[in-house]
**Q** 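Handing you this structure, nothing more for now.
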Amino acid sequence: MKKLIYMDNAATTPTKQEVLDEMLPYFNVRYGNPSSIYSLGSHSRTAVEISREAIANTINAKAREIFFTAGGTEADNWALKGVAYANRDKGNHIITSKIEHQGILHTCGYLEKQGFKVTYLDVDEYGVIDLEQLEESITDETILISIMFANNEIGTIQPIKEVGRIAKEKNIYFHTDAVQAIGHIKVDVDELNIDMLSMAAHKFYGPKGIGALYIRQGVKIDPLIIGGGQERNRRAGTENVPGIVGMGKAIELAYEDLNEKNKRLIYLRERLVKGIFDNIDHVRLNGHPTKRLPNNVNICFEFIEGESLLLSLDMEGIAGSSGSACTSGTLEPSHVLLGIGLPHEIAHGSLRLSLGDYNTEDEVDYVVEKLTDIVARLRAMSPLYEQAKEVR
Amino acid sequence: MKKLIYMDNAATTPTKQEVLDEMLPYFNVRYGNPSSIYSLGSHSRTAVEISREAIANTINAKAREIFFTAGGTEADNWALKGVAYANRDKGNHIITSKIEHQGILHTCGYLEKQGFKVTYLDVDEYGVIDLEQLEESITDETILISIMFANNEIGTIQPIKEVGRIAKEKNIYFHTDAVQAIGHIKVDVDELNIDMLSMAAHKFYGPKGIGALYIRQGVKIDPLIIGGGQERNRRAGTENVPGIVGMGKAIELAYEDLNEKNKRLIYLRERLVKGIFDNIDHVRLNGHPTKRLPNNVNICFEFIEGESLLLSLDMEGIAGSSGSACTSGTLEPSHVLLGIGLPHEIAHGSLRLSLGDYNTEDEVDYVVEKLTDIVARLRAMSPLYEQAKEVR
Amino acid sequence: MYSEKVMEHFHNPRNVGEIEDADGIGEVGNPRCGDIMKMYLKIEDDIIVDVKFKTFGCGSAIASSSMATELIKGKTIEEAMNITNKAVAKALDGLPPIKMHCSVLAEQAIKSALLDYSKKNGVHIEGLENFDPTEDAHDHH
Amino acid sequence: MYSEKVMEHFHNPRNVGEIEDADGIGEVGNPRCGDIMKMYLKIEDDIIVDVKFKTFGCGSAIASSSMATELIKGKTIEEAMNITNKAVAKALDGLPPIKMHCSVLAEQAIKSALLDYSKKNGVHIEGLENFDPTEDAHDHH
Ligand SMILES: Cc1ncc(COP(=O)(O)O)c(C=O)c1O
Ligand SMILES: Cc1ncc(COP(=O)(O)O)c(C=O)c1O
């Protein structure tokens, strides 16, 4: 097999060796249940608390405000359902955006069936919400605003500080799905007035199957998973100790030299975008030109369909992703691309390349070269390209 | 540190080396997201499906009836809430037992707050439910019976086949919390008429943070964690691929030579019980004498309190557990021990030693020796023991 | 996800292109849905002597087009009419359930091109009486 | 979970036992709740010259009993009366929040034994006026 060029770091990342090394003893040497009182158990407990502390420090929270979950989706579900059910007496209205991850959108859909009202804010062509529309949407019934920190498809970063300010002024809980942000950009929950925040370790070189929900002290929220007294009675189930340990180590590593890492990623990102624009016509960059994740490139190639692009890239050993309907098993292309106003036929031809710590300049150049060939080949096959040429 | 004698295998088990070896590549070599269409992703997908198949085969289910969760508690929550919410139109009554795990009991408590009615069946002195009481409890409103397969504290195995028969006759869904049973005794969901079954890998030498819910095809159940289309739209969130791979390997290993392993465990169990009874007076065995897990020993030592017993054992390098209130942070001792009719003061003095594949005869003998000394020492300190002697 | 046959046809599709003086041209699908197939037939004495296609779509759409052209090339019109979407999928060693509509599209593209031929040349083709090339392939899977 | 001091006192408790001809005996706690402390005092000239305890309870109950006896041994009654549960916990380098009631029990056991002494000997002890040895220590944490 060819060497893999992995440019799908927004989907998941490899667990770093240092992270894995940290985890390993907790599988079969320090395997005690943290709830047990003997030494083997309290070693596990200590390891869990050290990780909690590391995560809390990173986002300027208190350790007792961090609760481990099985991942980003569970954290999203918990924040939304937990606040909705616990605050039903105060109101039944939730505000979110049209371009949230399914973990938020589908949970909102479920809550609508339970009698809650949900406002889905529009976004502009770059994927940014409209703060005026947010303010206008707030009613006496509004109990929760949930706006993602950074979009998983197009990388756009939302004006979180302003959302936090508005939520605080109106005394409404503010949750942010920061699954794409944590580990990649600096987040301070106090400065940004965030009440709840979701994260997932596998997006920042930690293991899959572990995440966390930050819950500001005082927030009224029901548990989602009920049982034993773990996580101070708020999230039951034997702790995934190796996962928790890995998450703590991964977040520490992620924020070491973050600025340097991001400078490098932005350089690679811009080189990739420039390479594509210089070599291929009829392309457009999706997402905000500057307010975007350092590692995110999302481009539409007109006249071709995303899945065939991905398969062709895969044959060259390049891993990317697409907002194409054909990769998702639905008929509708990505709600995010439609949300920023792309017509269906163009949304079908999108490609997301999300860079990571292991990508190199050579890889970027190789991808540009291969993409140029592949796009040309697929367009030569496309009846739409032919028509477009005729029109010109 | 002294060599550890680990006899708390019902709390959690070490991940077997063969299991860990199987998992390792999925952290940083085969790290693809199973939802991705490129090769790296489909390798992960394949690994997930192989594990699902292994689990399904073990319990005589179909692969498409196995859904991965973050552990036993999530599976329990899902089964109960999922069936309750999805079948509200049919009825609002659930039947369970008084000695279920908190994952069941506390979820039932939560459902009661949502307007559901729950019957908690009594158990006899051995912890066995009364089938007549079960039948009498069934009403037209009953939508679910949830009875644990084997009890986590006292090891008693319930008459699951009879429960399954009754549930089937009355056309009521039957869920069993088999977290303590899977990996330890043979379970056939068809033969036993089980509709849903919870399991957790860390109870059978697999990793923590991964479990599964078996859902018989046709069962009407809402999802608990909503979002992306993973697990055929029934349990969202990026799959914990290493965990899933580990669970599949662990279940295979667990059922290899199960009879031989259990013969050995039962021999060790009986030797441990005999040793204790031969050397220490005022003790009683909790749970059913024969219908119990091969690895479970649960004994009350009168006049002493469980936590001080555990701490003393820990100092000798022995890890066990207790149903004492003082280990759980509550004031009430174990609901299971109270459920089988033990007075509070005796329930406080319980010790659970759960054996595993790594325990030896020498260890058993050593534990008996140390226990004898420790119990004598603690009783010498106990005002209750002194009073009991005076009474005699 | 895909069989090796699908991947092979996707990577080396047969009969890509256009036929300048085609006897029948059919186009089905909808760019909104992410797939369009255009098929060109050259027909002599009721025999499909040449066939080319252009497709905008996913991997299985391209592979289905390619396979469909292979299946009808050199066949009589009647034989071509008997090629069902299932035959296309089977020849590809199967398609994932959510991709079956691509094979439907391929069947429709053939029929659509034959319809065009029958109209242009005033010949009747058995089986095309109720064929509606605008029917949505996505409803078929 | 426990400090080293707690573990040390649990493993090597001081002053375990009974005093045959004790001047004051106090017993607090309830077997239903999992803890009973019994304390024996030998008092001469207002000074606690000897003290012993027996405890049924968890690790911190035993350690608290042991530490409490250490804190009052050789002290005057007045000094003993000033030993609070917080002082016991502090001397143990702290107790987990859910275990604070053990230190309360220790304070109560001392007071209870002093009350017994004051009754038997008809002496007034400042501060015992409102002391109720049956009050539940579990409400204090
Ligand atoms: C019977 C039973 N059910 C459920 C659970 C919960 O499993 P987990 O802690 O893996 O969520 C356990 C173990 O803790 C158990 O023994
Ligand atoms: C923005 C966002 N939210 C939530 C999630 C869900 O995280 P997980 O798949 O770890 O549950 C993801 C990633 O898939 C994401 O990108």
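Each chain gets a letter, A, B and so on, in the order the sequences are listed, and its residues count up from 1.
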**Q** Are A:Glu153 and A:Ser334 close enough that a side-chain donor and a side-chain acceptor fall under 3.5 Å?
**A** yes
**Q** Tell me, side chain or backbone of A:Gln230 under 4.5 Å from chain B's heavy atoms, or both, or neither?
**A**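 Neither part.
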**Q** Any heavy-atom pair between the side chains of B:His175 and B:Val83 that's under 4.5 Å?
**A** no
**Q** Please classify the contact between B:Asn28 and chain A as side chain, backbone, both or neither, with a heavy-atom cut-off of under 4.5 Å.
**A** both
**Q** Answer with side chain, backbone, both or neither: which region of A:Arg235 has an atom nearer than 4.5 Å to a non-hydrogen atom of chain B?
**A**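 Only the side chain of A:Arg235 comes within 4.5 Å of chain B.
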**Q** Taking A:Ala70, A:Ala319, A:Gly71 one by one, which has the highest count of heavy-atom pairs under 4.5 Å against chain B?
**A** A:Ala319
**Q** Give, as side chain, backbone, both or neither, the part of A:Asn240 having an atom under 4.5 angstrom from any heavy atom of chain B.
**A** both
**Q** If you apply the rule salt bridge (Lys or Arg N to Asp or Glu O under 4.0 Å), what do you find for A:Asp357 with A:Lys16, and how did you get there?
**A** CA-CA 10 Å; A:Asp357 290 359; A:Lys16 284 204 166 150; 2.9 Å; yes
**Q** When heavy-atom pairs shorter than 4.5 Å are enumerated against chain A, which of B:Leu20, B:Val241, B:Ile37, B:Ile226 gives the highest number?
**A**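 Of B:Leu20, B:Val241, B:Ile37, B:Ile226, B:Ile226 has the most heavy-atom pairs under 4.5 Å with chain A.
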**Q** Under 4.5 Å from any heavy atom of chain B, what part of A:Thr107 do you find: side chain, backbone, both or neither?
**A**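 For A:Thr107, backbone and side chain are both near chain B.
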**Q** Where does A:Asp222 contact chain B at under 4.5 Å (heavy atoms): side chain, backbone, both or neither?
**A** side chain
**Q** Do B:Ser44 and B:Glu239 have side-chain N/O donor and acceptor atoms under 3.5 Å apart?
**A**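 Not at all, the side chains of B:Ser44 and B:Glu239 share no donor-acceptor pair under 3.5 Å.
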**Q** Could you have a look at A:Trp78, A:Phe27, A:Tyr26 and say which one has the most heavy-atom pairs with chain B under 4.5 angstrom?
**A**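 Maximum pair count with chain B is reached by A:Phe27.
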**Q** Heavy-atom pairs under 4.5 Å with chain B: which of A:Thr238, A:Leu80, A:Ile244 has the most?
**A**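 Highest number of pairs under 4.5 Å: A:Thr238.
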**Q** Can you find a heavy atom in the side chain of A:Leu351 that is under 4.5 Å from one in the side chain of A:Leu313?
**A** yes
**Q** Does the side chain of A:Leu40 come within less than 4.5 Å of A:Tyr31's, by heavy atoms?
**A** yes
**Q** Report the option among A:Ile318, A:Asp314, A:Asp76 that has the most heavy-atom pairs separated by less than 4.5 Å from atoms of chain B.
**A**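 Highest number of heavy-atom pairs under 4.5 Å: A:Asp314.
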**Q** Using side-chain contact (heavy atoms from CB on, under 4.5 Å) as the criterion, list what pairs up with B:Ala250, not counting sequence neighbours.
**A**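 B:Val19, B:Phe204.
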**Q** Is any side-chain heavy atom of B:Asn33 less than 4.5 Å from a side-chain heavy atom of A:Asp8?
**A** no
**Q** Chain B heavy atoms under 4.5 Å from A:Ser322: which part of the residue, side chain, backbone, both or neither?
**A**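 No part of it gets close to chain B.
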**Q** Considering only heavy atoms, which portion of B:Tyr85 lies under 4.5 Å from any heavy atom of chain A: side chain, backbone, both, or neither?
**A**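 It is the side chain, since no backbone atom gets that close.
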**Q** Report the residues that fulfil side-chain contact (heavy atoms from CB on, under 4.5 Å) with A:Thr96, sequence neighbours left out, ordered by chain and then residue number.
**A**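 Applying side-chain contact (heavy atoms from CB on, under 4.5 Å) to A:Thr96 gives A:Glu100, A:Ile104, A:Cys108, A:Val118, A:Tyr120, A:Ser146.
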**Q** If you count heavy-atom pairs under 4.5 Å between each of A:Tyr6, A:Tyr205, A:Tyr110 and chain B, which one has the most?
**A** A:Tyr6
**Q** Please identify, among A:Leu224, A:Leu105, A:Leu310, the residue contributing the most non-hydrogen atom pairs under 4.5 Å to chain B.
**A**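 Winner by heavy-atom pair count: A:Leu224.
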**Q** Assess, by modelled atom type and distance only, whether the side chains of A:Thr12 and A:Lys203 contain a donor and an acceptor separated by less than 3.5 Å.
**A**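 Result is no, nothing qualifies.
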